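Positions are given from 1, in the same order as the sequence printed here. All of these numbers come straight from a predicted model, not from anything done at the bench. When a ligand or atom number is given, it counts from 1 through the structure's own listing order.
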Amino acid sequence: MKQYVQDVLELVKRRNAEQTEFLSTVKEVLTTVVPLLEENPRYRDEKILERMVECERIIIFRVPWQDDKGEIQLNRGYRIQMNSAIGPYKGGLRFHPSVNLSILKFLAFEQVFKNALTGLPIGGGKGGADFDPKGKSDNEVMHFCQSFMTELCRHIGPNVDVPAGDIGVGGREIGYLFGQYKRIRDSYDAGVLTGKGVDYWGSLARTEATGYGLLYFVKNMLDDKGIDIKGKTVVVSGSGNVATYAIEKAQAFGAKVVTCSDSNGYVYDPDGIDLAAVKEIKQVRRGRIKEYAQTHPKAEYHEGCKGVWTVKCDIALPCATQSEIDLESAKALVANGVQAVGEGANMPSTLDAIAYFQENKILFAPAKAANAGGVATSALEMAQNSERLQWTFEEVDERLHRIMKNIYESAKRNAEKYAAPDDLVAGANIAAFKKVADVMLAHGLV
Ligand code: NDP
């Protein structure tokens, strides 16, 4: 089976040369499912692997818009509809200049398995544009979102494909996107997007869900080893949606978070991050994280993001973007005594960094399991939209709690059965792969 997986990986490489992020995630998933393939050769005989690595559909489109000076601007929009075996395509939209086909295919591939782990009926997709909302006026962001949705609306719908936010797409962007969809379709299809405002069919606790869910997962992992999160020093990267609510819940659990960052640099506050100040800078003023040091005399600001991983900590939570922790950063974390790493961002650790953590027996919570709370709560938003009701914050949070516990237990069970007891990377991949593969077999050759 190992040889068969190598052959499939070679094929994927030949057909997707240059798509490094996509190739990396495919390699991570396929190499860990070998024991499952040995147990059930039907997956090989019916070419499930080859089918899974091929997107069901890719949509690429032109997004023309006019800036405040009246000049015409052009961006490229994408939607990757990766796998709809267990439900409508579901996954965020990313607006960032780095967006390209490889990054979106990697995110969509990850999303298929992450969504399967939630136990909720959602397939996997991802999309976005190489548009940078940073430095744009609200008016420019609205014009861009309207143009983007004018094309995207042909390809999505509550039972077809349900996008949400991701990097660069928060409540403001979802509002503009939903407004345009509603106008074009002339129908209040609230379930077409998630991450909506609570006054127009959004779910309470969706904003907090990815960060809170990450902490619920990490706490399960630590509790299992008899480690108390209270009093631990935590290093967080990012200061966006995931980072903000990861910090909030870590602090609520009694941990001390000493860093956060943005794409320019990071702040280190030995007294513990003042989250109200971060929210004011990032959510209200849309400013830069270096402003934090101007009002917090003990805090240090450092240019560049990598240094954040040289700060001494017990727990590291990468919550910014992909490939933030390379082998060198992993070595620095281990040398400084890190006990656990929980991935809030998607694929923030490179494959050699993950291998290094595992060799050094560091507890490692992989993204597709640990950050699944966001999409799980998006699926809960879809459920509320279907029944035209809104649940309380406590009800949603309670369900999120249970979902993260189930994901942890499922990853752990499969790790013990098929790999090594603490190998949650393999455990999560196997649990998710099995679910998607079995449904694909049930649907026949489609
Ligand atoms: P946001 O846009 O809210 O925040 C992103 C943060 O990461 C910002 O602080 C940003 O800094 C920083 N960042 C972005 N790009 C880079 C880069 N190239 N190098 C260094 N820092 C960077 O996004 P989210 O918090 O929503 O998403 C963060 C990660 O979590 C992503 O990997 C996303 O895919 C993943 N994720 C998000 C979910 C969600 O529900 N939102 C769900 C599951 C995963 P700056 O302000 O300078 O841009």
Side-chain angles (χ1 to χ4, degrees), residues 21 25 90-100 103-104 106-108 110-111 114-115 117-118 124 126-128 131-136 163-174 194-195 202-203 205-214 217 236-248 259-267 278-279 281-283 285-292 303-309 317-326 329 342-349 366-381 400 404:
E21 292 85 358
T25 189
K90 179 91 198 87
L93 296 172
R94 177 175 292 192
F95 291 168
H96 193 272
S98 64
V99 161
N100 60 34
I103 288 179
L104 292 182
F106 122 62
L107 289 164
E110 282 280 297
Q111 197 80 48
K114 180 187 312 199
N115 293 3
L117 285 173
T118 66
K126 199 83 191 186
F131 168 77
D132 190 358
K134 238 180 284 160
K136 305 283 189 305
D166 190 73
I167 291 179
V169 179
R172 172 182 62 171
E173 290 76 15
I174 292 290
T194 59
S203 176
R206 172 60 188 92
T207 307
E208 294 83 355
T210 309
Y212 279 19
L214 170 67
F217 189 97
V236 171
S237 66
S239 51
N241 173 269
V242 180
T244 300
Y245 296 99
I247 296 172
E248 187 162 285
T259 65
C260 63
S261 66
D262 63 20
S263 51
N264 294 110
Y266 73 95
V267 286
V278 174
K279 285 184 180 175
I281 295 167
K282 299 307 272 190
Q283 296 179 356
R285 300 209 306 269
R286 294 185 188 272
R288 308 307 301 158
I289 205 63
K290 74 171 170 203
E291 294 164 33
Y292 181 97
E303 279 292 328
C305 306
K306 260 191 93 173
V308 73
W309 309 120
L317 303 176
C319 295
T321 192
Q322 64 273 0
S323 310
E324 312 177 47
I325 302 184
D326 57 11
S329 301
E343 295 190 315
N346 282 314
M347 207 172 75
S349 319
K368 72 170 72 64
N371 73 20
V375 75
T377 309
S378 275
L380 300 179
E381 182 173 332
L400 171 65
M404 297 314 295

Participant: Based purely on interatomic distance, does Arg288 place a nitrogen or oxygen under 3.5 Å from a nitrogen or oxygen of ligand 1?
Facilitator: yes
Participant: Need the ligand 1 atom indices (1-based, order shown) with element for anything under 4.0 Å from a heavy-atom of Gly168.
Facilitator: 2 (O)
Participant: Hey, are the side chains of Lys290 and Asp262 touching, using non-hydrogen atoms and a 4.5 Å cut-off?
Facilitator: no
Participant: Answer yes if the side chains of Ser329 and Glu324 hold a donor-acceptor pair under 3.5 Å, and no otherwise.
Facilitator: no
Participant: Treating Gln111 as the side-chain partner and Gly124 as the backbone partner, does any N or O pair qualify as donor plus acceptor under 3.5 Å?
Facilitator: no
Participant: What distance separates Tyr292 OH from Ile281 CD1, expressed to the nearest 0.5 Å?
Facilitator: 8.0 Å
Participant: Could you check whether Arg206 and Thr194, counting side-chain N and O atoms only, form a donor-acceptor pair closer than 3.5 Å?
Facilitator: no
Participant: Judged by atom type as modelled, is there a donor-acceptor pair below 3.5 Å linking the side chain of Thr259 to the main-chain atoms of Val236?
Facilitator: yes
Participant: Heavy atom under 4.0 Å from ligand 1: found in Ser261's side chain, backbone, both, or neither?
Facilitator: backbone
Participant: Among protein heavy atoms, which sits nearest to atom 4 (O) of ligand 1, and what does the distance come to when rounded to 0.1 Å?
Facilitator: Gly240 CA, 3.3 Å
Participant: Determine, for Glu291 against Arg285, whether the closest basic-nitrogen to carboxylate-oxygen distance falls under 4.0 angstrom.
Facilitator: yes
Participant: What pairs with Asp132 under salt bridge (Lys or Arg N to Asp or Glu O under 4.0 Å), at least two apart in sequence or on another chain?
Facilitator: none
Participant: Gly165 near ligand 1, heavy-atom distance under 4.0 Å?
Facilitator: no
Participant: Among protein heavy atoms, which sits nearest to atom 35 (C) of ligand 1, and what does the distance come to when rounded to 0.1 Å?
Facilitator: Asn346 ND2, 3.7 Å
Participant: Counting non-hydrogen protein atoms only, what is the nearest one to atom 41 (N) of ligand 1? Give residue, atom name and distance.
Facilitator: Asn241 OD1, 3.5 Å
Participant: Would you check whether Gln322 has a nitrogen or oxygen atom less than 3.5 angstrom from a nitrogen or oxygen atom of ligand 1?
Facilitator: no
Participant: Pairing donors with acceptors under 3.5 angstrom, does anything connect the side chains of Tyr266 and Glu303?
Facilitator: no
Participant: Pairs of nitrogen or oxygen atoms closer than 3.5 Å, one from Val242 and one from ligand 1: do any exist?
Facilitator: yes
Participant: For atom 33 (C) of ligand 1, what is the nearest protein heavy atom, given as residue, atom name and distance?
Facilitator: Asp166 OD1, 3.1 Å
Participant: At under 4.0 Å between heavy atoms, is it the side chain or the backbone of Arg206 that contacts ligand 1, or both, or neither?
Facilitator: side chain
Participant: Quick one: which ligand 1 atoms are inside 4.0 Å of a heavy atom on Gly238?
Facilitator: 9 (O)
Participant: How far is atom 39 (C) of ligand 1 from its nearest protein heavy atom, and which residue and atom name does that atom have?
Facilitator: Thr210 OG1, 3.4 Å
Participant: Any idea which part of Cys305 is under 4.0 Å from ligand 1, heavy-atom wise: side chain, backbone, both or neither?
Facilitator: side chain
Participant: With respect to Cys319, determine whether any N or O atom, backbone or side chain, lies less than 3.5 Å from an N or O atom of ligand 1.
Facilitator: no
Participant: Under 4.0 Å from any heavy atom of Arg94, which atoms of ligand 1 are there?
Facilitator: 31 (C), 32 (O), 33 (C), 34 (O)
Participant: Can you find a side-chain donor-acceptor pair between Lys368 and Asn346 that sits under 3.5 Å?
Facilitator: no
Participant: Show your working on side-chain contact (heavy atoms from CB on, under 4.5 Å) between Leu104 and Glu21 and close with a plain yes or no.
Facilitator: CA-CA 9 Å; Leu104 292 182; Glu21 292 85 358; over 6 Å; no
Participant: Please confirm whether the backbone N or O of Gly287 pairs with a side-chain atom of Lys282, one donor and one acceptor, at under 3.5 Å?
Facilitator: yes
Participant: Starting from atom 28 (C) of ligand 1, what is the nearest protein heavy atom, named by residue and atom, and what distance separates them?
Facilitator: Ala320 O, 3.2 Å
Participant: Hey, is ligand 1 close enough to Ser239 that some N/O pair sits below 3.5 Å?
Facilitator: yes
Participant: Taking N or O atoms only and a 3.5 Å limit, does Lys134 qualify as a polar contact for ligand 1?
Facilitator: yes
Participant: Heavy atom to atom 23 (O) of ligand 1, shortest distance: which of Thr244, Leu107, Ile167 holds it?
Facilitator: Ile167
Participant: Closest approach of Ala209 and Gly373, non-hydrogen atoms and distance?
Facilitator: CB-O, 3.5 Å
Participant: Which heavy atom of the protein is the closest neighbour of atom 22 (C) of ligand 1, given with residue, atom name and distance?
Facilitator: Ser263 CB, 3.8 Å
Participant: Any idea which protein heavy atom is nearest atom 15 (N) of ligand 1, and the distance to it?
Facilitator: His96 NE2, 3.6 Å
